[in-house]
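Note that the numbering runs from 1 along the sequence shown for the chain. Both counts, for ligands and for their atoms, begin at 1 and track the order of listing.
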Amino acid sequence: MAGFRALPSVDQVLLSPMGRALIDAHGRTAVTGALRARLDAARAAIKGGEDGETEAARLPHLLAADLATAAQSRLRPMLNLTGTVLHTNLGRAILADEAIAAASAAMAAPLALEFDLDTGGRGQRDDHLRGLLCELTGAEDATIVNNNAAAVLIALNTFGQGRQAIVSRGELIEIGGAFRMPDIMARAGAQLVEVGTTNRTHPRDYQDAITPDTGLILKVHTSNYRIEGFTAEVPAPALAQIAKKAGVVLLNDLGSGSLVNLSAYGLRSEPTVAEAVAEGADLITFSGDKLLGGPQAGFVVGRRDLIARINRNPLKRALRLDKIRIAALEATLRLYRDPDRLAERLPTLRHLSRPQADIAAQAARLAPQVAALLPDYTVTATDCASQIGSGSLPTDTIPSAGLRITGAGGDAPDRLAASLRALPRPIVGHITGGALILDLRTLDRDGDLLDALSA
Ligand SMILES: *Cc1c(COP(=O)(O)O)cnc(C)c1O
């Protein structure tokens, strides 16, 4: 077994110049652990007949590679070129520079989170956002929780626990990730009363279902699917009348809930929160990290007396936001005060509103440069179709442009996709028609793609 003697000892490697450099970079514990594993593997290989000298020569290189791989976070920044602007699996909205700066500052130093700078007395964390939310939506009051699922949960629990909640069968949605309206209702302690049918629900369906045990009527924006054809739903203003007459709460879960009219940006409009408020719902819930373009959060806006009851629910403490997200939300909401510059400053809106011609020019410019970096593939500029994502306008696509990449062999797109995912800055696109498509709608700078590919 002379082959084993070719291998260095643990101490020899740790004391070598290379060992010291690796310890500087990764720490002694990590280097020792990785080295032991590599030495074990080398001994096993030699036992299996491999040459000792060869194994010893390979060792430093393999050790450095192991350590570099282990040091890479799986949460490292990527390039989302899927064409889905708000990609839930890729973290939804990316934040405006102003929001990132506010979040960083909030992480680095104490701030008046629940402290009144005027009086030196106690303040409330929601106060930093309440005024802005009321200003931007026209609502009387607002409360903020962890996400929209939490907003729906706490509203249902506050007004529906031990009581009945009426919902149209056409709106009993599943959002994905185990958010099903009937399940959330059960957890909130509310008894679900289904009315109408999948495709048609009428005012009398709600009226007939109201009893002295009714706590609320829930309206859900069916954001991630569309029922078409012979359909009828009761519009929010009519439902508000029914709820008011019966003295029950009308809760409208908007889901994405845009703060601006998207038609001003060349998109089909989603209902805005201000419209939902004006339609008379008592409470409206919506997300922070969908069309709003901020960090994950959930908002309930509406009647002051009802918001006060939600704030007294002990669940509020369990679902509250941290200072980092409150700071980022405040900075994001402030951007909405200057609508003229909003599309420029808020990445979600900037990406969604980019004209196709602009993206097509970028694709034409980048195609030869990307082709030079991927010599085994054919790269051409192509038209493609983006979508908003996160359940907004699910059947709508936005004309876009990107790169179409093909190669030899049927598995070329899959192989390329796998190697792009393995880059230091991973790139994801989507595969269609035997090609990998990189939709450039969300690529702010050409250099981001070229740098990522060059690595
Ligand atoms: C997305 C969505 C939710 C869940 O919101 P999160 O912020 O992801 O928790 C609830 N209801 C509707 C209608 C939605 O579209």
Side-chain angles (χ1 to χ4, degrees), residues 84-95 129 133 137 142-157 160 165 167-188 190 192 201 216-227 233 236 239 250-259 262 268-273 275-276 279 281 283-302 310 315-316 318-322 325-326 328-329 332-333 348 352 387-396:
T84 300
V85 175
L86 292 169
H87 201 302
T88 297
N89 300 356
L90 303 180
R92 291 196 185 157
I94 55 169
L95 301 197
L129 305 174
L133 284 165
T137 65
T143 190
I144 305 100
V145 287
N146 179 59
N147 56 13
N148 188 38
V152 174
L153 174 70
I154 196 170
L156 285 174
N157 179 260
V167 194
S168 160
R169 289 194 172 89
E171 298 175 0
L172 284 173
I173 58 164
E174 171 178 314
I175 300 292
F179 184 90
R180 284 182 164 186
M181 210 38 104
D183 300 338
I184 294 286
M185 279 217 182
R187 291 292 167 143
L192 169 63
T201 304
L216 59 103
I217 297 175
L218 172 63
K219 181 165 183 59
V220 186
H221 178 51
T222 55
S223 48
N224 57 359
Y225 68 99
R226 184 166 298 140
I227 297 180
E233 66 169 320
L239 213 46
L250 174 63
L251 169 64
N252 187 353
D253 175 22
L254 274 190
S256 217
S258 182
L259 292 180
L262 293 180
R268 213 159 60 78
S269 62
E270 276 271 275
T272 67
V273 181
E275 282 161 13
E279 283 172 352
L283 295 171
I284 292 133
T285 55
F286 57 102
S287 283
D289 56 353
K290 292 186 179 173
L291 284 171
L292 194 144
Q296 180 187 302
F299 305 97
V300 193
V301 302
I310 293 177
L315 278 177
K316 176 67 204 288
L319 300 174
R320 77 180 184 186
L321 282 197
D322 60 280
R325 283 190 285 160
I326 289 176
L329 279 170
T332 305
L333 292 173
T348 300
L352 287 174
Q387 51 190 131
I388 298 181
S390 282
S392 300
L393 303 178
T395 52
D396 281 25

Checklist line | Separation of D253 CG from L156 CG (nearest 0.5 Å) | finding: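 One finds 8.5 Å between CG of L156 and CG of D253.
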Notebook entry, point to check: Rounded to the nearest 0.5 Å, how far does CG of L218 lie from CG of L192?
Noted result: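 Atom-to-atom, L192:CG and L218:CG are 9.0 Å apart.
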Next item on the list: Answer with side chain, backbone, both or neither: which part of Q296 has a heavy atom less than 4.0 angstrom from an atom of ligand 1?
Entry: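 It is neither; nothing of Q296 touches ligand 1.
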Note to self: Below a 4.0 angstrom heavy-atom separation, can you tell me which part of R92, side chain or backbone, both or neither, approaches ligand 1?
What the structure shows: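 The side chain, only.
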Check: With S168, which residues qualify under side chain to side chain donor-acceptor pair (under 3.5 Å), at least two apart?
Finding: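 Result, side chain to side chain donor-acceptor pair (under 3.5 Å) vs S168: T201.
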Would [X] count as a polar contact of ligand 1, with the cut-off being nitrogen or oxygen pairs under 3.5 Å?
X: A149; answer: yes
X: H221; answer: no
X: N148; answer: yes

Next item on the list: For K290, counting its heavy atoms only, list the atoms of ligand 1 lying under 4.0 Å from any of them.
Entry: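 Per the distance check, 1 (C), 2 (C), 3 (C), 5 (O), 14 (C), 15 (O).
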Notebook entry, point to check: Which atoms of ligand 1 have any heavy atom of S287 under 4.0 Å away?
Noted result: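 Per the distance check, 5 (O), 6 (P), 7 (O).
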Check: Between R325 and N146, do the side chains contain an N or O donor and an N or O acceptor separated by less than 3.5 Å?
Finding: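 Short answer, yes.
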Next item on the list: Answer yes if the side chains of T272 and S258 hold a donor-acceptor pair under 3.5 Å, and no otherwise.
Entry: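 No.
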Next item on the list: Report the residues that fulfil salt bridge (charged side-chain N to carboxylate O under 4.0 Å, His left out) with E233, sequence neighbours left out, ordered by chain and then residue number.
Entry: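 Residues passing salt bridge (charged side-chain N to carboxylate O under 4.0 Å, His left out) with E233: K219.
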Check: V152: heavy atom below 4.0 Å from ligand 1, yes or no?
Finding: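 It does not; every heavy atom stays at 4.0 Å or beyond.
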